[in-house]
Chemist: 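Have a look at this one.
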Amino acid sequence: MVAKLLTIAIRNMRRHLRRTIFTALTFAVAVFIYTVLVAVPLTMDRITDHASKGLRLIVTERNGTRAASTDWSTTLPFKDCDQVMKMPHVLGCAPEISWGGYYRDPRDLIMTSAITADLGTVDTIADYRVPRDLVKEFMSDRRYALVGAGLMHEHHWKLREPFTLRDAEAPSRAITFIPIVELPTEYLSRAFWFNSKLLDVEHFYGSYYADRAAFIVVRVDRPENMGPVAVEIDENFHNSEAETQTNTESDSVANVITGIGDVRTIIYSLCLVVLATVLLIAANSMAMMVRDRTGEVAVMRAMGFRRTHIAMLLLSEAAFIGLIGAWIGAAVTLWVFGGGMSLGKITGGLGYIEVRPSIATAAVAVALVVSLLSAIVPVLGAIRSAPAAAFRKVT
């Protein structure tokens, strides 16, 4: 009986094909929007969580931020790492210089980091470790770069094929890079590392600012020592030429998002609006569908069909329409955002969004629930009506 009712429900979907198509497309658009919105905070949460596993501290000049990559009044000298390395519980220290460039579109900012060979002292097992032979090769040519998989795929770059980035503040200045390693992990999806000596060769900032970092990365031995080491670093450089402000790496990543407002609340509020809108549209479509089935329901009731059979038939039709549209929307979302995409200037060029199959599947499940909820009221009205009353409505 159940199989026959499901077959009838599928056939009924073709009786008003245009309405079925538009209702399904409504669910497709809703699932697309819902999935993209939900994926933003979930992606950033995964990045923040991964950053907390690195046991790294980010040291910046107290009066500056990482965003001020070319504000050289708020930088730290490379030599600070020598003092940091002498502190207890410190395993590594690496200075980095931030540089913002763009590939083709000036609006698409790509944050890069000029690094030294010391970067190898601050990585962990949780990170992707570049093979030693490639590290040696990387340091042998100033043009070589280590680029995250997200950036590689987004801009269609190929390993060993050179490309040029232009300075975001002075487009006439440009640097040519050759990617030799594609960093595969999600956390490093938008990483872009190159040899810091390349900036000296290109004379970007002048010799006065040589050996000065936008921030310093410090590797600590155990989680319980993160706080004490951060305090010791700031106390050590108190009243120095460049006082420091030390935060955990996860806090630094989280600050990128919180700096643009309460994104999470806004996104979840938009998700509720999307769901409510789809619920109203789907409820209207279902009410029209049930109204068209009034005579059919009366005949089935007169023939002895139970109310549960009729409810299953109508709810199945609603579920099929919702699922078809939801899977279309989920498929499009995975096709567009499955490989990751930059959030652009909204997060300083540091953030990105990636829609995983689990998120798309959850969105399909939500769409199924919404489609069933939209059909409950009209279906209950149909099965509660007496066959005679339903015939009178038809005639």
Side-chain angles (χ1 to χ4, degrees), residues 6 9-10 12-46 257 261-293 311-344 346-347 351-382:
L6 294 178
I10 295 175
N12 284 339
M13 292 169 55
R14 295 180 295 181
R15 293 171 60 177
H16 294 279
L17 188 58
R18 180 180 300 177
R19 185 171 65 208
T20 299
I21 292 175
F22 280 112
T23 304
L25 289 177
T26 300
F27 278 97
V29 174
V31 167
F32 179 87
I33 297 174
Y34 177 86
T35 306
V36 171
L37 290 175
V38 170
V40 173
L42 292 180
T43 302
M44 299 312 296
D45 283 346
R46 290 199 303 269
I257 303 303
D262 194 352
V263 176
R264 189 182 303 276
T265 301
I266 296 174
I267 287 177
Y268 287 146
S269 298
L270 290 175
C271 288
L272 291 177
V273 172
V274 170
L275 292 178
T277 303
V278 175
L279 183 62
L280 293 174
I281 295 174
N284 180 65
S285 298
M286 291 308 302
M288 295 174 61
M289 181 193 73
V290 173
R291 185 184 61 188
D292 293 339
R293 301 286 193 277
M312 182 181 296
L313 174 64
L314 297 177
L315 290 175
S316 297
E317 185 173 347
F320 284 138
I321 295 175
L323 282 176
I324 291 173
W327 281 117
I328 292 174
V332 174
T333 309
L334 288 173
W335 177 61
V336 177
F337 297 100
M341 182 174 291
S342 170
L343 295 178
I346 191 173
T347 56
Y352 84 112
I353 173 179
E354 179 186 0
V355 175
R356 291 187 169 183
S358 58
I359 301 177
T361 302
V364 172
V366 171
L368 176 60
V369 173
V370 171
S371 64
L372 292 175
L373 288 176
S374 66
I376 286 178
V377 174
V379 169
L380 287 177

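Predicted model only: the values in this text are computed from it and were never measured.
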Chemist: Between Val355 and Ala39, what is the shortest heavy-atom contact and its length?
Modeler: CG2-CB, 3.8 Å
Chemist: Please round to the nearest 0.5 Å and tell me the distance separating atom CD1 of Ile21 and atom OG1 of Thr26.
Modeler: 12.0 Å
Chemist: Calculate, to the nearest 0.5 Å, the distance between atoms OG1 and CD1 belonging to Thr333 and Ile359 respectively.
Modeler: 10.5 Å
Chemist: Could you report the tightest heavy-atom contact between Leu334 and Pro357, atom names first, then the distance?
Modeler: CD2-N, 3.9 Å
Chemist: Test side-chain contact (heavy atoms from CB on, under 4.5 Å) on Leu323 and Phe27 and set out the steps.
Modeler: CA-CA 8 Å; Leu323 282 176; Phe27 278 97; over 6 Å; no
Chemist: To the nearest 0.5 Å, how far apart are CZ in Arg356 and CG in Leu42?
Modeler: 10.0 Å
Chemist: Of all residues at least two apart in sequence or in a different chain, which pass the side-chain contact (heavy atoms from CB on, under 4.5 Å) check with Leu37?
Modeler: Ile33, Ile267, Leu270, Cys271
Chemist: Between the side chain of Thr35 and the main-chain N/O of Phe32, is any donor-acceptor distance below 3.5 Å?
Modeler: no
Chemist: Do Leu368 and Ser371 pass the side-chain contact (heavy atoms from CB on, under 4.5 Å) test, and can you show the C-alpha distance, the side-chain angles, and the key distance before you say yes or no?
Modeler: CA-CA 5 Å; Leu368 176 60; Ser371 64; 4.0 Å; yes
Chemist: Hey, could you give me the CD1/CG distance between Ile321 and Leu25, rounded to the nearest 0.5 Å?
Modeler: 11.5 Å
Chemist: Search all heavy atoms of Ala330 against all heavy atoms of Val31 and return the closest pair with its distance.
Modeler: N-CG1, 3.8 Å
Chemist: Measure the spacing between CD1 of Ile376 and CG of Leu314 and express it to the nearest 0.5 Å.
Modeler: 12.5 Å
Chemist: Of all the heavy-atom pairs spanning Leu315 and Ala375, show the shortest one and how long it is.
Modeler: CD2-CB, 3.8 Å
